[in-house]
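Heavy-atom basis, side chains included; hydrogens, waters and symmetry copies ignored. The sequence lines fix the lettering, A, B, ..., with proteins before strands; numbering per chain opens at 1.
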There are 2 protein chains.
Amino acid sequence: MTNSTIDRILDAAEVEFAAHGFVETSLRTITTKAKVNLAAVNYHFGSKKGLIQAVTDRFLRPLTQHLHNQLSAYEKQPVQEPSKQQELQVLFTILAHSCQHVAQKNHHSLAVFARLINMAYSQSQGHLRKHLTHQYGASFLYFMKLLRQYMPAMTNEQFFWRFHYLLGTLVFALSSSEALLAICEREYDESRRIDQIMSDLVLVLASAAQAPMIGDQPS
Amino acid sequence: MTNSTIDRILDAAEVEFAAHGFVETSLRTITTKAKVNLAAVNYHFGSKKGLIQAVTDRFLRPLTQHLHNQLSAYEKQPVQEPSKQQELQVLFTILAHSCQHVAQKNHHSLAVFARLINMAYSQSQGHLRKHLTHQYGASFLYFMKLLRQYMPAMTNEQFFWRFHYLLGTLVFALSSSEALLAICEREYDESRRIDQIMSDLVLVLASAAQAPMIGDQPS
DNA sequence: TATTGTTTTAAACATACGTTTAAAACTACC
DNA sequence: GGTAGTTTTAAACGTATGTTTAAAACAATA
């Protein structure tokens with residue numbers, strides 16, 4: 001196994017990045033946990049930045065690919081038109097399943113994903129935002145296009161903001177899920193599963209997407 | 001003016017913390033921008049941790065106090081019972097106004113606030129979470145109590161999750177508002193104001209709060 | 001003015017980090 | 001079995017960070 005070292009580094013880095021972020025985790029803690037020499041990171045990945053890119057690539061590629069496949073299957077299927085709420089739920093469920101799909105093989109990838117998004121929208125990190133949209137943006141734009149169909153009354157600008165509100169809900173849920181699960185278990189001694197949370201989240205997202213605009217009278 | 005140095009440090013620290021986070025900003029950049037000697041931070045605040053605490057205290061105290069006052073005024077006023085949606089909007093508007101109130105005097109405080117919340121829910125930072133809830137939790141618990149009234153059909157556990165979904169929406173909107181405003185202005189050459197965004201956000205939050213539960217049929 | 005207490009300053013300190021180096025160990029192939 | 005290419009290793013390097021120190025500057029009081 002020639003890539004045993006590489007994989008051990010990636011696995012350890014993912015865990016640490018998910019728990020403490022990119023800058024807060026040092027190469028020394030990563031290489032120690034991976035039982036690998038310190039210099040191995042620079043040898044195999046060139047730099048710490050290269051390692052971060054490799055870690056994120058490892059799940060972003062399958063995630064976007066899975067999402068793209070599911071969306072294109074959804075688009076091809078005959079429109080059933082049951083209700084806007086249900087149709088939105090289907091769409092968000094596809095997104096949730098794509099997330100769960102990569103999370104299955106790669107346990108802490110969603111927390112890293114959330115950190116990445118947070119960072120990308122951190123003003124003064126426009127380069128990261130540009131890189132992500134250029135490299136992986138296609139699938140998400142695809143998702144936005146389909147979502148847009150169910151929010152036709154909005155202007156592009158209004159939709160832009162709405163979409164990012166929803167993104168915020170998802171990102172926070174993903175990045176905080178570990179802590180929230182722990183709190184929930186302690187406070188209500190009832191343990192929820194990720195998929196329960198996801199399916200509840202889908203309902204919230206679908207409803208939030210349909211919220212009235214300013215000036216509209218709520219029905 | 002004996003606290004001129006202290007204020008200059010706090011102002012500079014707030015800007016840098018908002019833009020780059022707590023760990024990514026060094027005391028040297030803060031003291032340089034504040035035109036103050038490096039050692040001044042340790043002299044006046046003891047340590048970097050002390051400075052962070054001072055920066056966050058400066059807006060958390062007025063924020064929670066304002067929120068508490070508004071909520072208690074709301075509770076005392078006769079119940080008008082127009083609709084659940086409108087009542088929820090009032091409640092979230094109070095929260096939004098409290099945020100805007102501190103943001104007026106302290107321009108980057110909300111971005112710092114968002115970073116703080118994100119950090120607090122970052123598992124392995126239970127101490128920060130505990131500190132925040134112990135020091136400033138009362139007002140937010142008050143808010144949750146009032147919010148709970150309009151979501152009676154949920155169990156405590158369900159409400160817990162719903163609340164944190166909403167918190168996520170708010171936190172992401174606050175922390176990313178600067179970047180989103182810049183993107184929006186560039187893409188749609190239309191500039192939105194914070195208060196427009198806030199009032200739209202209130203509608204989204206109110207709708208998300210009323211999303212059906214799993215198993216419920218959407219009306 | 002002399003004295004006391006507070007604040008500011010420049011310099012140094014200790015530590016942690018990412019990275020580089022050059023030798024060693026290992027692997028594969030002739 | 002020897003050789004070329006690859007990987008691993010221990011050590012060092014340079015830099016940046018938070019903190020401390022001790023002297024200097026300042027302020028207030030008697």
Side-chain angles (χ1 to χ4, degrees), chain A residues 1-58 108 112 115-116 119 122 124-125 127-128 131, chain B residues 1-58 108 112 115-116 118-120 122 124-125 127-128 131:
Chain A
M1 205 61 78
T2 172
N3 58 347
S4 170
T5 300
I6 292 179
D7 286 341
R8 281 218 304 284
I9 292 175
L10 286 174
D11 290 338
E14 187 179 74
V15 172
E16 295 304 307
F17 286 159
H20 308 108
F22 300 116
V23 282
E24 281 99 329
T25 59
S26 68
L27 295 184
R28 281 172 173 83
T29 70
I30 291 173
T31 52
T32 300
K33 299 227 171 187
K35 291 179 181 176
V36 154
N37 187 275
L38 169 62
V41 170
N42 289 282
Y43 177 75
H44 286 289
F45 301 98
S47 64
K48 185 180 182 180
K49 199 171 181 177
L51 173 61
I52 294 173
Q53 204 153 319
V55 169
T56 56
D57 276 16
R58 189 162 67 141
H108 299 84
V112 180
R115 281 194 190 271
L116 203 63
M119 212 187 221
S122 253
S124 86
Q125 300 248 14
H127 56 284
L128 172 60
H131 171 75
Chain B
M1 203 63 76
T2 171
N3 58 347
S4 171
T5 299
I6 293 180
D7 286 341
R8 280 217 305 285
I9 292 175
L10 286 174
D11 290 339
E14 187 179 74
V15 172
E16 295 303 308
F17 285 158
H20 307 110
F22 300 115
V23 282
E24 282 98 329
T25 59
S26 68
L27 294 185
R28 280 172 175 81
T29 71
I30 291 173
T31 52
T32 300
K33 299 226 171 187
K35 292 180 180 175
V36 153
N37 188 274
L38 168 63
V41 171
N42 289 281
Y43 177 75
H44 286 290
F45 300 98
S47 64
K48 186 181 183 181
K49 199 171 182 177
L51 173 61
I52 295 173
Q53 203 154 321
V55 169
T56 57
D57 275 17
R58 190 162 66 141
H108 298 86
V112 180
R115 281 194 190 272
L116 203 63
N118 259 319
M119 211 187 222
S122 254
S124 87
Q125 300 247 17
H127 55 285
L128 173 60
H131 171 75

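Rounded to the nearest 0.5 angstrom, A:Tyr43 OH and A:Leu38 CG are separated by 15.5 Å. Here NE2 of A:His20 is found 8.5 Å from OG1 of A:Thr25. Values are rounded to the nearest 0.5 Å. Rounding to the nearest 0.5 Å gives a distance of 9.0 Å between CD of B:Glu16 and NE2 of B:His108.
What separates CZ of A:Phe45 from C1' of D:dT7 is a distance of 14 Å, to the nearest Å. Here C:dT8 presents its C1' atom at 11 Å from CZ of B:Arg8, a figure rounded to the nearest Å. The interatomic distance linking B:Asn42 (CG) with C:dA12 (P) rounds to 18 Å, in whole Å. When the P atom of D:dA11 is taken as reference, atom CZ of A:Arg28 falls 13 Å away, rounded to whole Å. In this entry the distance linking CG of A:Leu27 with C1' of C:dA16 reads 12 Å, nearest Å. Atom-to-atom, OH of A:Tyr43 to P of D:dG5 comes out at 13 Å; the value is rounded to the nearest Å. Protein atom CG of A:Asn37 is 15 Å distant from nucleotide atom P of C:dT19, rounded to whole Å. At whole-Å resolution of the value, NZ in B:Lys35 and P in C:dT8 are 16 Å apart.
When heavy atoms are screened at a 4.0 angstrom cut-off, B:Thr25 is found touching the sugar-phosphate backbone but no base atom.
Note on A:His44: every side-chain N or O is 4.0 Å or more away from OP1 and OP2 of D:dT6. Phosphate contact (OP1/OP2 of C:dT8, side-chain N/O of B:Thr5, threshold under 4.0 Å): present. The phosphate of C:dA16 (OP1 or OP2) has no side-chain N or O of A:Ser26 nearer than 4.0 angstrom.
Comparing A:Gly46 and B:Ala39 by the nucleotide of DNA chain C whose heavy atom lies nearest to each, the residue mapping closer to the 5' end is B:Ala39.
Side-chain polar atoms of A:Arg28 and A:Thr32 form no donor-acceptor pair below 3.5 angstrom.
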